[in-house]
Structure formats: structure tokens, C-alpha cells
Amino acid sequence: MAKKDSGKDRLDENELNKGRRNFLKQSSVLTALAVTPTALVKAAEEGLDEKAAGYFEKMALSIEINGVNHNLSIEPRTTLLDLMREQLALTGTKKGCDHGQCGACTVHVDGNRVLSCLTLGVMMQGKKITTIEGLADGDKLHPMQEAFIKHDGFQCGYCTPGQIMSGIACIREGHANSDEEIREYMSGNICRCGAYPNIVKAIADVKKGGQKL
Amino acid sequence: MINFNYLRVSTTKGAVDAIVRDSAAQWIAGGTNLIDLMKKGVMSPQKLVDINNLPLKEIKKEGNKLVIGALALNSAVADNELVRKEQPLLSLALQAGASAQLRNMATVGGNMMQRTRCPYFYNPDMPCNKREPGTGCGALKGFNRMHAIFGASDKCIAVHPSDMSIALVALDSTVLVSGPKGDRRIPFQNFHRLPGDLPQKDNTLERGELIVAVEIPDNKLNKNVHYLKVRDRASYAFALVSVAAAVDLQGDTIKDVRLAMGGVAHKPWRLMEAELFLKGKPASEANFREAAALAMKDAKGYGHNNFKLKLAPNTLVEALKTATGKG
Ligand SMILES: Cc1cc2nc3c(=O)[nH]c(=O)nc-3n(C[C@H](O)[C@H](O)[C@H](O)COP(=O)(O)OP(=O)(O)OC[C@H]3O[C@@H](n4cnc5c(N)ncnc54)[C@H](O)[C@@H]3O)c2cc1C
Ligand code: FES
Ligand code: FES
């Protein structure tokens, strides 16, 4: 593509940025070899403010997932989704698009539904996370899990953990008062298999049951 | 995703200093736009400065103004009692944006600052003057179905994707910012800019200026309001065209009116001429049509988006009909 000249300054700045990007691409490979400076990790653990990771260093993170405390050291770029799936073997939460477009990665942070693929792990310091693995009480399924089985709210099941986490939040938020409202407030969860009618039925059923979720 | 350093700050000054000190640093709020763009390789800050601990989440009345902190979540604003009562148009626009999960993460400041969804901007292998000045605009003669019909330049025909901003510009809001040179108030109309020769600049913020709040005056426009968003699916899609309409209706007469359009320009597009025309006139379909014709005066299609030349005025008329219950 021919370059349209639109000002020298901007081109220069642009070249700089490109250089920076390439540099970053290379240095992220080196990061794997980096050693965590203990002073920094310690500062982070002590909850000091205005603290930084060293150059691409790992950072300390304490996080509660499904009632279990984890004290971890992670790269700032690790998303909550990758942290759970790749480092903590919590693979119940699914990666669909990895760009906030499908809802498969929905989890609760301090009780609110969010997308774990667009959440940085380091930003979850001190938070309580609930995933699909944290819903059942021993062998007793969560009412929303029961309802999805009863109403056949899935086919392949890939979107289901996200749908269930989202459905619970939808009721808690008070946005499940009609099928129409459920459809609108569940629109962030895409189902490639098109199980939508039964997903709505499952959520409406749990809502009608009136249990505290 | 590229790697980067991470810094947590808890004061406005700390946030501003961190950005001024380091030219490769960038603030992160909800992260819903920035992390996406970093994963795509469109943006590559070397340091993220996390501003979520700043005390900027409050939604409150100050005199007769509604003041919304920059870190208030989109869902919190949409569901807030004060907002729903006094500025329901804002609530409607927020609810029309993104998904429940994203609104639980996205902040008011981040929403205003979100980048265009132009596919050429989003793909580092494509030419785009906004991403890489001087490489040309791929959309100008390319796939431009989602693109601007107002105020574009031969350097860029991208649109600003925020729904919330369409309501805020209609409601005569003011943006409160704090930067290295002190505090500043920016009328919402002057916050975002047209592409001109500098499409890389989305808005009029200077480097290091942090949005701290948005202020909405009490404009008595809380009864007859509507936000109509036309999109490719019923929910969870960006606007092809959207209209924010707020009318002060006295009987059949339009005493006052605010109108703005989304999905049509590089900035939230306020429709002053149409407003002026409607003021003092009866609310009727004929008048709505005439106002829409005025609004469309300078519109220009680029091929794939020519349908917007028809869709936009129709959306305006429908929004006014619903807002007023007339016509
Ligand atoms: C799948 C999907 C669908 C979407 N659909 C819609 C839609 O239909 N309508 C719509 O309007 N939006 C939509 N969005 C966009 C969404 O609204 C934005 O991503 C969100 O509002 C950004 O807010 P944030 O707090 O997450 O910003 P971040 O991603 O944290 O930040 C975005 C930018 O703002 C800057 N920034 C953040 N806070 C401040 C501040 N206080 N002062 C100065 N700069 C700041 C950051 O440095 C960054 O450059 C969608 C997003 C996704 C992923
Ligand atoms: S994987 Fe997070 S929204 Fe698709
Ligand atoms: S059940 Fe297959 S994607 Fe939803």
C-alpha cells in the first residue's frame, strides 16, 4: 500500500512506535527467562500503593477462587481466564473468542458477572471469583445447573458455563422479569448451537422458583 | 498479548504523574477496549497504569447538576435511581451498549475514550491513518458499511462507537478533566473531534489529562425521551445508526428538544439545526420529517454505507415519534 504523506512529524512518530512494537515482540520472548525480584513481590504483597513490577516482571497476586485462596506470582499480561485455565487447572470456564464477544468466559467477581478474557489477573488483587466449578454444593447441583438439565438448555455445552454464570447474575440483578428481558440481558452470551429458547426457559424457571441464588 | 509493566495508583495526581513521566504508559480502567486492542496488536503500551483505586465512582447531585464519576461502571450508571429519574436518556443509551457483562466492567471515562471499531483500524496489516498516520484510509474505497456519513475527511471515515456519548452530547454535558497543567472543563460537543488531517486524534484531551467526571445540567428533559439504536441484530451489536431524542413537550407543542445521532460520524453528532427547527412547533410526523431532512443536509455516502442516508432520517423520525408519542 502506497504511503500517503500526511506530515513528516507523524511519520517519524509512527516509525518510533513501530520500533517499539518490534522491540516488545522480541523482549516478550526473553521475559520467560526473567527472575522475579523478591523486593518487588514483597512490596506488592504488603499492599503498598504506587507499586510497579520491574521490567516485565511477575507480580504477586492474592485471589480467592471458589472459596480457595491462592497466592500467586503472575505476568501482568495474564488474563484471569488464562490464569484459571492454564495455571490453576480450572478449565470449566471456556475460551470462545478471547475478545469479549461471546460470553463463554463469564465468571462472577465479588458477585458480579464479568468477562474473564478481558480481565487482567493482576487487577483482581483481593477479589473473590466464582466460576462454574464453584456452584455445586458437593454432589448437589446449583438450581441453575438443574434447570439447564431439566430444560435441555444446551447441545454441545461449550457456551453453557458462561450461560449459567450469566443466568444466575441476570436473576440477581433483577433483569429476569419476562422472557423478553431475559433475552435482552442474556444477549452477551452467544450459543452457536442455538439453544436459546431452552436457556430462556431454564432461567425463567429458576426465577419463578424464587430461590435465593 | 505483548508484555508490559503494571502500576497501581490511588490518587488523581499519581495517575497523571505516572503518564506524564512515561511516554509509553497508558491508563487502564475497565480494560474492555484496551485489552482487546492490545491482544490485536493495535495498541502496545509498555506500562499500564491501573486507575481503578481512584475515588471516582460516585454519582451525585451537586446543586442542580448530576455529576458522574469517571470510574462509575456503565451498569451502575444505567441502574442508578438518580440517573433513571433525572436523565433517563442516559440510562437508555447505556443499556443499548455492549452486554451486561461488559457494562459491569466498562467505566464512563473508558467508554468516552473507546476507539473506533473500523475493521481497518483493528487490523494492523491494513492501511489506516488513525492507527498508522500516513498509510492511507482502507475504508475510503474499501468495505465501509459501518462508516461515517457526516464530517469525514479523505484521511478517515471511521465512526465513534459509543452509545453513552450520544446521550451525553444531546444532554449538554460537560467533561471534567485534571491534567499536568491543572483542571479543565470541556463541553461534551468539543470533547470528540472530526478526523480532518489528524485522524489519530479522537478527542481534544492533551497527553496526561485524566477524565475525572461528567456533569449533566438539569435540563427538564426527562419525560419524553427515547434512544433508538438500529443494528444488525436485536442486541449486543454496534449501531448502524442510533438516535438520542429528548423533548420537552407542552401539550402538542415542542417547547424544547435535544437530538443527537450515533454511528454516523467520527464524533457524537448533535443535530442543532433540526432542534432549532422543531422548537415551538407541533409534534407531528410532517415536522419530524422536515427536521430530519435538515439534519441530513450535509450527509455523504461512501458506497457500502449509502443505505444510512435513508436509514438515518427514518431513525430520527421514529425516535421522535416514540419520544413524544405523537406523529
Ligand atoms: C464485544 C463488545 C461489544 C461492545 N458493544 C458496544 C456497544 O454496542 N456500544 C458501546 O457504546 N460500546 C460497546 N463496546 C465498547 C465498550 O463500551 C468499551 O469497551 C468500554 O466502554 C470501555 O471502557 P473501559 O473502562 O473498559 O475502558 P478501558 O479499556 O480501560 O480504556 C479505554 C481507553 O480509555 C482510556 N481511559 C480510561 N479511563 C480514562 C479516564 N478516566 N481518563 C482518560 N482516559 C481514560 C484508557 O487509557 C484507554 O485508552 C463493546 C465492547 C465489546 C468488547
Ligand atoms: S472468551 Fe471472553 S467473551 Fe468470548
Ligand atoms: S450449546 Fe453449543 S454453543 Fe451453546
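Chain letters run A, B, ... following the sequence lines, proteins first, then strands; residues in each count from 1.
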Under 4.5 Å to a heavy atom of chain A? For B:D36 that would be both
Counting only heavy atoms not in B:K57 (residues, nucleotides, ligands), do more than 12 fall under 6.0 Å from its NZ? yes
Contact check, side chains of B:T32 and A:T119, non-hydrogen atoms, under 4.5 Å: no
Within residues 97-111 of chain A, contacts to chain B at heavy-atom distances under 4.5 Å involve A:D98, A:H99, A:G100, A:Q101, A:C102, A:G103, A:T106
When the 4.5 angstrom heavy-atom criterion is applied to A:T78 and chain B, the contacting part is neither
**Q.** Residue pair B:M105, A:N112: steps toward the side chain to side chain contact (heavy atoms under 4.5 Å, CB included) verdict
**A.** CA-CA 9 Å; B:M105 308 166 74; A:N112 299 314; over 6 Å; no
Contacts of B:D232 meeting salt bridge (charged side-chain N to carboxylate O under 4.0 Å, His left out) (sequence neighbours excluded), chain-then-number -> B:R145
Answer key: most heavy-atom pairs under 4.5 Å with chain A among B:N33, B:L34, B:I35 is B:I35
| task | Verify, without hydrogens or angle tests, whether B:R8 (side chain) and A:V122 (backbone) share a donor-acceptor contact under 3.5 angstrom. | result | yes
Result for side chain to side chain contact (heavy atoms under 4.5 Å, CB included) between A:P76 and one of B:D50, B:L7, B:L48, B:N3 points to B:N3
For residues 182-193 of chain A against chain B, heavy atoms under 4.5 Å, the residues are A:E184, A:Y185, A:S187, A:G188, A:N189, A:I190
Nearest heavy-atom contact between B:K39 and A:C117 is NZ-O, 2.6 Å
Derivation and outcome, side chain to side chain contact (heavy atoms under 4.5 Å, CB included), residues B:N104 and A:E173: CA-CA 11 Å; B:N104 272 345; A:E173 292 162 6; 3.7 Å; yes
Check whether A:R77 reaches the backbone of B:M1 with its side chain - one donor and one acceptor, N or O, closer than 3.5 Å. yes
Heaviest contributor of heavy-atom pairs below 4.5 Å to chain B, chosen from A:R113, A:H175, A:M165, is A:R113
Ordered numerically, the heavy-atom neighbours of chain B under 4.5 Å found in residues 200-213 of chain A are none
